[in-house]
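Report on one structure; see the data block that follows.
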Amino acid sequence: MTQQSRPLRIGNASGFYGDRFDAMREMLTGGELDVLTGDYLAELTMLILGRDRLKDPGAGYARTFLRQLEECLGLARERGVRIVANAGGLNPAGLADAVRQLADRLGLPVRVAHVEGDDLTAANPGSLAAHAYLGGFGIAACLREGADVVVTGRVTDAALVTGPAAAHFGWGPGDHDRLAGAVVAGHVLECGAQATGGNYAFFHEASRSGGDLRRPGFPLAELHEDGSCVITKHPGTGGFVDVGTVTAQLLYETAGARYAGPDVTARLDTVRLTQDGPDRVRIDGVRGEAPPPTLKVGVNRLGGFRNEVTFVLTGLDIEAKADLVREQLTDALAKSPPAEVRWDLVRTDRPDAPSEETASALLRLVVRDPSQVAVGRALSGAAIELALASYPGFHVLAPPGKGSPYGVFEDVYVPQGDVDHVAVLHDGRRIPVPPAHDTVVLDEVPEPPLPRPLSHGSTTRAPLGLVAGARSGDKGGNANVGVWVRSDDAWRWLAHELTVDRFRQLIPESGPLKVTRHPLPHLRALNFVVEGILGEGVAAQHRFDPQAKALGEWLRSRHLDIPEILL
C-alpha cells in the first residue's frame with residue numbers, strides 16, 4: 001500500500017485551552033496515529049492571550065502545550081507522530097522558539113516550524129487582538145518540508161486537519177471535494193470529546209453502546225485520499241462514537257448548508273453518515289465549492305468594566321422583595337448611574353421547601369460602564385449599605401468587587417490577498433502561501449424540499465427532548481441551535497413542527513431577534529441561528545449562559561404536542 005493510498009490517521013488531544021492535560025499522552029500511547037492535533041483557541045481565548053501579552057510581550061501562546069510536550073515530545077518522536085497545534089495563539093514564532101529550546105534541553109532532534117500572517121492587530125486600531133482565520137496550506141507546506149511539530153496562530157479549527165491531509169495526499173487548492181471532506185472531519189475532531197459522547201443530549205444511553213462517559217476518550221479520523229473518513233477512537237478508551245454523537249458535533253457552531261472556510265466551502269447538506277461498526281462512523285458524499293474571496297477576522301477589544309452582585313431572596317413575597325431592592329439600588333446609583341444596568345430574577349424557589357436553598361430565589365444585578373469607578377465602589381458601597389436596611393433575610397452570594405474589564409468581539413472580513421500567509425520552516429526559510437485564486441461569493445442555498453408530513457393520531461404534551469437531540473454554541477454575538485432526530489418518521493414530524501415561529505414560542509428571548517432556520521435533511525436536522533442573542537460575544541457576558549452552551553438543552557426541555565407514535 002502506498003503512502004497516499006493508505007488512510008491518514010489524525011487524532012485530537014485538545015478542544016480548548018484548559019482541556020484534559022494527559023490527553024496528549026493518552027492519544028500517543030493508545031493506538032496508531034500519523035498526526036496529532038490540538039485546538040487551543042476560541043474567541044474568548046484570543047482575548048485572554050491578548051491580556052497576557054499586555055503584561056508580557058513574550059507571552060501570547062498556550063503555555064500548557066509546552067508542558068504537555070515536555071512529557072510527550074520524545075514519545076511522539078519515537079512513534080513517528082507529527083504534532084500540529086494552533087497553540088501559538090498571538091505569538092506562534094515565540095512558541096516555536098520555546099519548543100526548539102525544549103527539544104534541545106531534552107536532546108531530541110526535532111524540526112519545528114510555524115505559520116504566521118494572521119495578525120492584523122496593527123490594521124485595526126483600538127483592538128487588543130485582531131487575527132484572520134487562515135487555512136491549512138501553510139501547515140501543509142511546513143509538513144511537506146519535513147516539520148515534526150507545526151504551531152500556528154489563528155487558523156480555522158478544521159485547518160489542523162486539512163493541512164496534514166493536503167500534505168499527505170498531495171491535494172491542491174482545486175481539490176474542493178477532497179478538501180471539503182477533510183473540513184468536515186476536522187470540524188468533528190476539533191472539540192475533542194464532544195465527538196465521543198461528551199456533552200451529548202442522549203448521554204443516558206451511553207451504557208447501551210458500552211461507553212463509559214466518566215472519562216470519554218478523544219476522537220480520531222481515518223482519512224482517505226478521496227476525502228471520506230471514519231470517525232473513531234482508540235480501543236479501550238471511554239465514551240462512544242455513533243451517528244448521533246457525530247451529528248451533534250457536526251451541528252455545533254455552524255449555520256447554513258454552506259460551511260465556508262479559507263480553503264473551501266463545504267456543503268453540509270451533502271454529508272452522509274453511516275454506522276460502520278462499534279465506535280466507527282463513516283462520513284462520505286461531502287461536496288465542496290470554491291472558498292469565498294474574503295477571510296474572516298476576529299477582532300477583540302476591551303469594552304469597559306463590569307460588576308455584578310447576586311441577592312438571595314428567601315421564602316415568601318419574592319417579587320415584592322425583588323422590587324424593593326431594585327428601587328433602593330436605583331435610587332442609590334442615581335447620582336452616577338452605570339451606562340448599562342441589567343436585572344434578572346431567577347425563580348429557583350419552591351413553596352413549602354424542605355431546605356433553605358430550595359426556598360430561595362436569586363436576583364442578579366449586572367452593571368457595565370466605560371469607567372471602572374462607576375461599576376466598582378459606587379455599586380459595592382450601595383449594595384453593602386443595604387445589609388441592614390432592605391428586605392427580610394437580606395444576604396448576597398458574594399460582595400461585589402471593584403469591577404473587572406470585559407471584552408467585546410466582532411468579525412470583519414478582508415480580501416484573501418490582503419493577508420501575508422507564510423510558512424516559516426525549521427531552517428528559517430519562509431514559504432509564501434498564495435491566496436485562493438478560484439473563489440465564489442457566498443450565497444444562500446435554496447431550501448431543500450421537506451418530507452411529506454407525518455400522518456399520526458393522538459398527541460401527548462411532552463418535552464421535545466424525548467424525541468430530539470440538540471447542541472448549541474456561540475459565534476460572536478450569535479448563537480446556533482442544531483436539532484436532530486434519529487428516525488425518518490420523527491424527521492417528517494420535526495421538519496414541519498419546529499418552524500421559526502414555534503422556535504420563538506419555545507425560546508421567548510429570541511422573539512425580537514432575527515432567527516433563521518436551515519434544514520439539513522441528510523442529517524435529519526434543523527439548524528437555527530439566533531442573531532444578537534449573545535450581545536457583543538462571550539467576553540461581554542451578556543446573558544446567564546454567555547456562550548449559549550445550554551440553549552439547546554433549554555429547547556429540549558420545552559413542552560409541545562408530540563405524536564404518541566414517536567414516544
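Being a predicted model, the structure only gives us computed values, none of them experimental.
- Side-chain atoms of Asp411 do not come within 3.5 Å of backbone N or O of Val297 as any donor-acceptor pair.
- Inter-residue side-chain proximity for Val99 and Leu66 is flagged as met; some heavy-atom pair is nearer than 4.5 Å.
- At a threshold of 4.5 Å between non-hydrogen side-chain atoms, the residues Leu220 and Leu33 count as touching.
- Under a 3.5 Å cut-off, the side chain of Glu222 and the backbone N or O of Pro7 do not form any donor-acceptor pair.
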Checklist entry - Checking side chain to side chain contact (heavy atoms under 4.5 Å, CB included) for the pair Leu49/Leu41: CA distance, chi angles, key distance, verdict? => result CA-CA 9 Å; Leu49 293 177; Leu41 302 184; 3.9 Å; yes
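- Between His518 and Leu268 there is no side-chain heavy-atom pair separated by less than 4.5 Å.
- Ionic pairing of Asp427 and Arg430 is not present here: no N-O contact between side-chain nitrogen and carboxylate oxygen is shorter than 4.0 angstrom.
- Counting heavy-atom neighbours within 6.0 Å of Arg51 CZ, excluding the residue itself, gives a total of 12 or less.
- The backbone N or O of Gly288 sits less than 3.5 Å from a side-chain atom of Asp177, completing a donor-acceptor pair.
- Phe305 has its side chain out of reach of Lys402: every pair of non-hydrogen atoms, C-beta onward, lies at least 4.5 Å apart.
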Next on the checklist: The test is side chain to side chain contact (heavy atoms under 4.5 Å, CB included); show your working for Leu102 and Arg105 and say whether it passes.
Outcome noted: CA-CA 5 Å; Leu102 172 64; Arg105 179 160 56 83; 3.2 Å; yes
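- Contact detail for Leu143 and Ala167: the closest heavy-atom pair is CB-CB, 3.9 Å.
- At distances below 3.5 Å, not a single donor-acceptor pair connects side-chain atoms of Glu253 with backbone N or O atoms of Gly473.
- Here the OG1-OH distance, from Thr64 to Tyr17, works out to 5.0 Å after rounding to the nearest 0.5 Å.
- You'll find the side chain of Ser14 stays beyond 4.5 Å of the side chain of Gln68, heavy atoms only.
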Checklist entry - Between Val149 and His426, is a side chain to side chain contact (heavy atoms under 4.5 Å, CB included) present by the stated rule, with each step listed? => result CA-CA 9 Å; Val149 177; His426 59 281; over 6 Å; no
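- Note that Arg63 lies in the cation-pi zone of Tyr61, set by a 6.0 Å cut-off to the ring centre and a 45° limit from the axis.
- In terms of heavy atoms, Ala166 sits closest to Ala140 at CB-CB, 4.2 Å.
- Rounding to the nearest 0.5 Å gives a distance of 7.5 Å between CZ of Arg53 and CG of Asn91.
- In the displayed structure, Asp420 atom CG is contacted under 6.0 Å by at most 12 heavy atoms of other residues, nucleotides or ligands.
- If you take CZ on Arg543 and CG on Leu551, they are separated by 5.5 Å, rounding to the nearest 0.5 Å.
- With hydrogens and angles ignored, the 3.5 Å screen pairs no side-chain donor or acceptor of Arg178 with any backbone N or O of Trp171.
- Relative to the ring axis of Tyr406, Arg368 places its NZ or CZ within 45° and under 6.0 Å from the centre.
- A salt bridge links Asp148 and Arg111; the closest N-O separation between the charged side-chain nitrogens and carboxylate oxygens is under 4.0 Å.
- When side chains are defined from C-beta on, Glu531 does not count as touching Leu513, because their heavy atoms never get closer than 4.5 Å.
- Ser371 and Asp369 are not linked by any side-chain donor-acceptor pair at a separation below 3.5 angstrom, with hydrogens and angles left out of the test.
- In this structure, Ala185 and Val161 approach most closely via the heavy-atom pair CB-CG1, 4.5 Å.
- When the shell of 6.0 Å around CD of Glu32 is examined, it contains 12 or fewer heavy atoms from other residues, nucleotides or ligands.
- Remark: side-chain polar atoms of Ser404 are not paired, donor with acceptor, to backbone N or O of Asn307 under 3.5 angstrom.
- With Arg471 as reference, Asn199 is the one residue of Asn199, Val483, Thr254, Leu251 to meet the side-chain contact (heavy atoms from CB on, under 4.5 Å) rule.
- In terms of modelled atom types and a separation under 3.5 Å, the side chain of Thr270 and the main chain of Arg287 share a donor-acceptor contact.
- Of all heavy-atom pairs spanning Leu106 and Glu70, the tightest one is CD1-O, 4.0 Å.
- A donor-acceptor distance shorter than 3.5 angstrom exists from the side chain of Ser472 to the backbone of Lys549, with no hydrogens or angles considered.
- For the residue pair Asn527/Asn480, the side-chain donor-acceptor check at 3.5 Å is satisfied.
- A distance of 4.0 Å separates CZ in Arg215 from CZ in Arg20, rounded to the nearest 0.5 Å.
- To the nearest 0.5 Å, the span separating CG on Leu442 from OG1 on Thr265 amounts to 5.0 Å.
- When every heavy atom of Leu134 is checked against every heavy atom of Pro262, the shortest pair comes out as C-CG, 3.5 Å.
- Put simply, the side chain of Gln249 gets close to the backbone of His187: a donor and an acceptor are under 3.5 Å apart.
- Salt bridge status for Glu308 with Arg306: present, with a side-chain N to carboxylate O gap under 4.0 Å.
- Rounding to the nearest 0.5 Å gives a distance of 4.0 Å between CG of Asp39 and CG of Asp157.
- Under the 4.5 Å side-chain criterion, counting only non-hydrogen atoms from C-beta, Thr196 is not in contact with Thr245.
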Next on the checklist: Evaluate Leu179 against Phe137 for side chain to side chain contact (heavy atoms under 4.5 Å, CB included), listing each step before the verdict.
Outcome noted: CA-CA 11 Å; Leu179 288 167; Phe137 281 102; 4.1 Å; yes
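- A distance-only check finds a donor-acceptor pair linking the side chain of Arg258 to the backbone of Asp443 [under 3.5 Å].
- Within the 4.5 Å cutoff, the side chain of Leu28 has no heavy atoms near those of the Glu78 side chain.
- Taking each heavy atom of Leu223 and Ala182 in turn, the nearest pair found is CD2-CB, 4.1 Å.
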